[in-house]
There are 2 protein chains.
Amino acid sequence: MDWIWYSRYIMNRSNLQQTTPAQEQCTATPLGHAIRLLGDEWILLIVMHLLPGPMRFNALRTELGHISSKTLSQRLKGLEELGFIRRDAFLEIPPRVEYQLTEQGQELGAVIEALEQFGKKHLSGQKPTSCSPCALDTE
Amino acid sequence: MDWIWYSRYIMNRSNLQQTTPAQEQCTATPLGHAIRLLGDEWILLIVMHLLPGPMRFNALRTELGHISSKTLSQRLKGLEELGFIRRDAFLEIPPRVEYQLTEQGQELGAVIEALEQFGKKHLSGQKPTSCSPCALDTE
DNA sequence: CAGGATCCGATCGGATACTG
DNA sequence: CAGTATCCGATCGGATCCTG
């Protein structure tokens, strides 16, 4: 019975890879943009820790655990360019830089809250599955 | 003046990499779990497209644009294991499989809505920055 | 049609070293 | 302290081929 699938495959293989119909809808809309923004583990984590108030660079690093300075400064720069956080650098010895959420950034709190509600409701005692490739030691 | 920084560096380098204080808080809490779940671009996109109703495998592929079957089935399997979508397979010729959100999955709609509100509010006319490494052609 | 298996290039991100 | 630059291994995900 292989020929059934085979023939269909051959007949339909002509024009299948060309049409990219809703792809731009997935990436060009504000929602798509937002999804790609939050499609990064660190972004939300950073915003979450910034919600209570301003924080310094290394304080963030400590709170976030094992993030590298490269990754952190990357994300912070990105968030700053988007206007979601503000960077205040004090030219002192030793240097001090504080990051805090702008009004726009604060509104991400709503998303985080929704996320938290959801997490508490459905992900409480669950163990990671194939969705969570987290290999962190839980000592 | 290099010696200032240098000496401080040497003095503080002893115990800095050991303490992983809030790392387990970032990953073991429901919120952390949720963040890691949504820390994947596709997950939210899939859920979004599934909100209106059940959908078949290739329909999803078409809607999502350029996702590969491997990635899609991966995500679907993960979501199914978490209990957020249900997979109904009809053993016919040709095969038909429909995916739909469970009640738990529906509640992700709230998160998506929050995200959409935010996106429409702050990301409308914005161009991607370093936060969005999207290299998709916008033909 | 709905996937699984495999290959492999691109990307991400951690570790390290260095600077002001 | 607050980063930047570089290296490099691990991972992701797309392309391709294959099956029922």
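These figures come from a predicted structure and were not determined experimentally. Lettering follows sequence order; numbering is per chain, from 1.
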Let's see if you can work this out: which of [options] has an atom nearest to the side-chain heavy atoms of [X]?
X: A:V97; options: D:dG13, D:dG3, C:dG14; value: D:dG3
X: B:R56; options: C:dC1, D:dG14, D:dC1; value: C:dC1
X: A:S69; options: D:dG3, D:dG13, C:dG14; value: D:dG3
X: B:Q74; options: C:dC1, D:dG13, D:dG3; value: D:dG13
X: A:S68; options: D:dA2, C:dA2, C:dA15; value: C:dA15
X: B:S73; options: D:dA2, C:dG4, D:dG14; value: C:dG4
X: A:P94; options: C:dC12, D:dC1, D:dG20; value: D:dC1
X: B:N58; options: C:dA2, C:dA5, C:dG13; value: C:dA2

- With sugar-phosphate meaning primed atoms plus P, OP1 and OP2, does B:Y99 contact a base, only sugar-phosphate, or nothing at under 4.0 Å between heavy atoms?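 Here B:Y99 touches the backbone only, sparing every base.
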
What's the [atom1]-[atom2] distance between [X] and [N], to the nearest Å?
X: B:I67; N: C:dA2; atom1: CD1; atom2: P; value: 14 Å
X: B:D88; N: C:dC1; atom1: CG; atom2: C1'; value: 16 Å
X: A:K77; N: D:dA2; atom1: NZ; atom2: P; value: 16 Å
X: B:I46; N: D:dG13; atom1: CD1; atom2: P; value: 11 Å
X: A:R36; N: D:dG13; atom1: CZ; atom2: C1'; value: 16 Å
X: B:I93; N: C:dA2; atom1: CD1; atom2: P; value: 12 Å
X: A:L60; N: D:dC1; atom1: CG; atom2: P; value: 14 Å
X: A:R61; N: C:dT16; atom1: CZ; atom2: C1'; value: 12 Å

- With nearest nucleotides of DNA chain C determined for A:K70 and B:L76 from heavy-atom distances, which residue corresponds to the more 5′ nucleotide?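 On the 5' side of the pair lies B:L76.
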
- Message: Restricting to side-chain hydrogen bond (donor to acceptor under 3.5 Å, both in side chains), what partner residues turn up for B:K120, sequence neighbours left out?
- Response: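 Expected list: none.
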
- Item | Atom pair NE2/CD of A:H49 and A:E63 - distance to nearest 0.5 Å |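 A:H49 atom NE2 to A:E63 atom CD measures 5.5 Å (nearest 0.5 Å).
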
- Task: Looking only at non-hydrogen atoms, find the nearest pair between B:I43 and B:L37 and report the distance.
- Result: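 Taking every non-hydrogen atom into account, CG1-O, 3.7 Å.
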
- Task: Report yes if a side-chain nitrogen or oxygen of A:R87 is closer than 4.0 Å to either non-bridging phosphate oxygen (OP1 or OP2) of D:dA2; otherwise report no.
- Result: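 The answer is no; no side-chain N or O of A:R87 sits under 4.0 Å from OP1 or OP2.
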
- Message: Can you confirm whether B:R86 is buried at CZ, in the sense that more than 12 heavy atoms of other residues, nucleotides or ligands lie under 6.0 Å from that atom?
- Response: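 No, not enclosed.
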
- How are the rings of A:H122 and B:F84 set relative to one another: parallel (under 30°), tilted (30 to 60°) or perpendicular (over 60°)?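 Perpendicular, since the angle between the ring planes exceeds 60°.
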
